[in-house]
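Note on naming: letters A, B, ... go to the chains in the order of the sequence lines (proteins, then strands), and numbering restarts at 1 for each one.
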Number of protein chains: 2
Amino acid sequence: MKKRGAPAADGKIVLTEGKTRTGGQAVRMIDVANAANVSLMTVSRALNEPSKLSEETRKLVLDTVRRIGYVPNHIASNLASARSNVVGQIVPSIQNSLYSHTIQGSSDVLRAAGMHLLLADSGYSLDEEEALIGAFLAQRVCGLVLHNTAHTPRAVQIIRQAGIPIIETGDLVHNPLDMAISYSNFNASKEMTLYLAARGYKSIGFVCLATRNNLRAKERLKGYNAALTALGRARNPALVREVEGGLTSGAHAMTDMMQRAPEVDAIFFAGDVLAVGALFEAQRRNWKVPERIAIAGFDDLDILRHTVPRLTCLNLPRLEIGRRSAEAVLQRLRNDGPVMPGRLDLGFEIIQREST
Amino acid sequence: MKKRGAPAADGKIVLTEGKTRTGGQAVRMIDVANAANVSLMTVSRALNEPSKLSEETRKLVLDTVRRIGYVPNHIASNLASARSNVVGQIVPSIQNSLYSHTIQGSSDVLRAAGMHLLLADSGYSLDEEEALIGAFLAQRVCGLVLHNTAHTPRAVQIIRQAGIPIIETGDLVHNPLDMAISYSNFNASKEMTLYLAARGYKSIGFVCLATRNNLRAKERLKGYNAALTALGRARNPALVREVEGGLTSGAHAMTDMMQRAPEVDAIFFAGDVLAVGALFEAQRRNWKVPERIAIAGFDDLDILRHTVPRLTCLNLPRLEIGRRSAEAVLQRLRNDGPVMPGRLDLGFEIIQREST
DNA sequence: CTGTTAGCGCTTTCAG
DNA sequence: CTGAAAGCGCTAACAG
């Protein structure tokens with residue numbers, strides 16, 4: 001009777017005086033078993049549930065593993081166990097430092113748990129996101145962290161079918177697919193506007209990214225408008241602009257707005273690096289900040305702390321969002337039930353600095 | 001005779017009036033085959049080599065796939081085919097914008113090729129990198145993009161055994177494990193120093209990250225020294241500093257150096273955001289840049305174009321490095337031979353702006 | 001063009 | 001505590 005699982009007859013593995021040569025072929029678990037004179041299952045246990053083996057056997061196996069340079073095949077392991085140790089994360093842009101903070105957060109937590117991060121960016125496109133979700137599900141990720149809170153109908157459908165934990169992080173939506181872990185864009189924007197009013201600014205401008213196809217920007221604009229309403233101030237279209245991202249864009253938005261509405265005395269840049277671009281432009285034109293024009297930003301980018309003047313902004317829990325998202329996935333995987341609340345508000349704070 | 005591959009008797013899949021319910025269980029290829037009344041292989045072909053099927057059959061199968069919401073299991077596919085569609089990338093830090101550009105580059109290329117990116121950061125630690133390499137090989141990545149050019153002996157060993165394409169991107173090393181795709185830190189640093197000398201600066205300071213455990217920083221320091229030698233200038237320890245990364249750190253380095261060596265008239269910050277930190281500090285102290293002190297940076301961060309004055313720096317092909325690395329992996333996978341040259345120099349350029 | 005057979009490397013389950 | 005059998009969901013290789 002042929003011994004099951006014996007090394008392939010073509011001799012992929014050659015043991016020579018205690019050293020291993022693999023000729024590009026991977027060492028398999030069965031090779032370790034043969035080398036250590038135990039069964040394949042014993043090797044599997046030594047690696048996965050070491051406590052269930054005698055210390056002697058365990059040591060023998062683990063030594064052999066090291067000696068012949070065995071690297072477990074998690075692909076096979078995942079298939080056999082119908083489990084996965086990979087979490088997928090999709091962000092609008094990898095380069096954007098805001099998202100890289102969130103990515104760092106999930107990466108840290110996953111790594112500590114022996115899990116891995118499959119990463120992709122949707123380029124701010126819903127269709128691309130849908131394609132990526134499909135591709136990630138095909139990779140049998142055990143959880144998915146999305147930034148978007150809007151999705152194509154088909155994306156929603158395949159997500160629902162997948163039955164894995166899904167975290168949405170871009171906004172604290174009221175009806176998440178599964179869980180939302182974020183801060184409220186609406187509240188953040190509203191509070192900052194109220195704060196500027198409290199500082200005495202009479203004519204507060206608002207600049208954000210295109211609200212079309214961008215729920216976050218939309219919420220921020222709503223927050224700004226809600227603040228105006230609360231303050232009993234009228235809306236003025238000349239004080240609101242939707243622009244593209246980027247430093248240059250922020251600079252233009254400021255100069256344009258000051259031309260069209262010279263009474264503006266503060267501008268809240270609710271997106272990206274717009275505020276920084278505006279500040280640099282003000283430096284260039286020798287406009288005093290905040291005397292001539294006060295500037296507030298959204299995210300607490302590292303440089304905002306170092307510009308002259310330092311920039312007032314919101315402090316959003318970007319890193320923490322990543323961490324908590326990964327933790328939520330892990331927790332759901334362990335308990336296999338919706339233990340977490342559907343929404344986790346990580347809050348925000350206003351950081352007052354010299355620019356307002 | 002029991003029909004092989006029939007749906008499990010417990011009826012995981014229930015087809016009801018053309019709709020699918022999966023109850024959390026995944027639809028398998030065999031379910032598609034049964035639903036379409038073809039063999040499993042036909043489904044496999046419809047998905048992977050559609051040209052080998054009659055249009056009729058292909059359409060039938062693909063429609064069925066959509067109808068019952070089948071998502072292929074790439075884990076199983078990878079195992080069976082001994083191929084993988086995942087490339088691993090390990091960077092020192094995910095948050096650092098320099099690396100996120102490189103990540104974006106590889107992500108873009110991989111995505112276009114239908115491959116995926118498994119990402120992790122080593123936190124600048126060689127041991128952590130070793131652990132990650134092991135973990136990624138266990139995931140059977142089909143290629144590996146590393147930033148480090150130094151590795152632990154064990155990391156080198158398991159990489160060699162893996163027999164997959166490896167790209168090192170942090171420096172244009174002379175003896176890469178497999179392929180190096182980068183620019184030369186030595187040359188970049190040397191050229192910038194020579195450029196500053198050509199601009200008329202007599203006493204050029206140099207600030208970089210700790211050279212211990214950081215080959216890139218070491219090469220940059222060597223480049224600076226080589227330039228001094230070429231210029232026939234003496235080395236002055238007071239003009240060289242190794243510091244931690246960060247804006248604050250750059251600010252301190254500058255003030256310290258100007259105190260210890262007041263004759264310094266230009267400083268080359270060969271790392272991270274040090275130059276920006278120094279510039280902001282100069283603004284704060286009202287030191288004229290470049291009149292009192294010229295400042296040059298290493299990487300062309302987005303903000304360097306917008307500061308006042310704009311900062312002279314090197315333009316390094318960060319994004320391109322990511323792209324070309326991913327492309328190199330793909331090419332090697334296709335040709336299965338070392339077609340690429342071992343080293344690919346993507347060059348750099350000096351961007352002269354107002355700060356020097 | 002379509003189907004059948006035999007695994008990929010591992011875990012699960014059940015026996016001892 | 002250790003081992004044997006039976007797949008995980010898919011593809012390679014060969015047949016028709």
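Using modelled atom types and a 3.5 Å distance limit, the side chains of A/Gln95 and B/Ser100 yield no donor-acceptor pair. In summary, the side chains of A/Ser122 and A/Glu129 do not present any donor paired with an acceptor at a separation below 3.5 Å, with no hydrogens or angles considered. Using modelled atom types, one finds no donor on one side chain facing an acceptor on the other under 3.5 Å when comparing B/Glu168 with B/Thr149.
Regarding contacts with the backbone of D/dC10, every side-chain N or O of B/Ser44 stays at 4.0 angstrom or more from both OP1 and OP2. For A/Arg140, no side-chain nitrogen or oxygen approaches OP1 or OP2 of D/dC8 to under 4.0 Å.
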Can you check side-chain contact (heavy atoms from CB on, under 4.5 Å) on A/Lys59 and A/Asp63, steps first, answer last? CA-CA 6 Å; A/Lys59 188 173 174 331; A/Asp63 283 352; 2.8 Å; yes
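Out of D/dT11, C/dC10, C/dC8, the shortest distance to the side chain of A/Met29 is found at C/dC10.
Put simply, the side chain of B/Asp108 reaches to within 4.5 Å of the side chain of A/Asp121, judged on heavy atoms. Side-chain contact check for A/Leu110 versus A/Ser107: every heavy-atom pair is 4.5 Å or farther apart.
Among the protein residues, A/Asn78 comes within range of no part of the nucleic acid, since none of its heavy atoms lies under 4.0 Å from any strand.
The distance from atom CZ of A/Arg83 to atom C1' of D/dC8 is 12 Å, rounded to the nearest whole Å. Counting to the nearest Å, the C1' atom of D/dC8 and the NE2 atom of A/His74 are 16 Å from each other. Protein atom CD1 of B/Ile30 is 11 Å distant from nucleotide atom P of D/dC8, rounded to whole Å. To the nearest angstrom, P of D/dC8 lies 9 Å from CG of A/Leu79. Rounded to whole angstrom, the span from the CD atom of A/Gln139 across to the C1' atom of D/dC10 amounts to 13 Å. If you measure from atom CD1 of B/Ile75 to atom C1' of C/dC8, you get 13 Å, rounded to the nearest angstrom. Atom CZ in B/Arg28 sits about 10 Å away from atom C1' in D/dC8, given to the nearest Å. A straight line from CG of A/Leu47 to P of C/dT12 spans 13 Å, rounded to a whole angstrom.
Classification of A/Arg332 and A/Asp178 as a salt-bridged pair holds, one side-chain N sitting under 4.0 Å from a carboxylate O. Classification of A/Arg58 and A/Glu55 as a salt-bridged pair fails, no side-chain N sitting under 4.0 Å from a carboxylate O. A salt bridge links A/Asp31 with A/Arg28: the closest approach of a Lys/Arg side-chain nitrogen to an acidic carboxylate oxygen falls below 4.0 angstrom.
An end-to-end axis angle of 30° holds for the helix from C/dC1-D/dG16 to C/dG16-D/dC1, taken from five base pairs per end and rounded to 10°.
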Distances for protein N or O near nucleotides 1-3 of chain D N or O, under 3.5 Å:
unit_1 : atom_1 : unit_2  : atom_2 : d
D/dT2  : OP1    : A/Ser54 : OG     : 3.2
D/dT2  : OP1    : A/Thr57 : OG1    : 2.4
D/dT2  : OP2    : A/Ser54 : N      : 3.1
D/dG3  : OP2    : A/Ser39 : N      : 3.1
D/dG3  : OP2    : A/Ser39 : OG     : 3.1
D/dG3  : OP2    : A/Thr42 : OG1    : 2.3
D/dG3  : N7     : A/Arg45 : NH1    : 2.9
D/dG3  : O6     : A/Arg45 : NH2    : 2.3

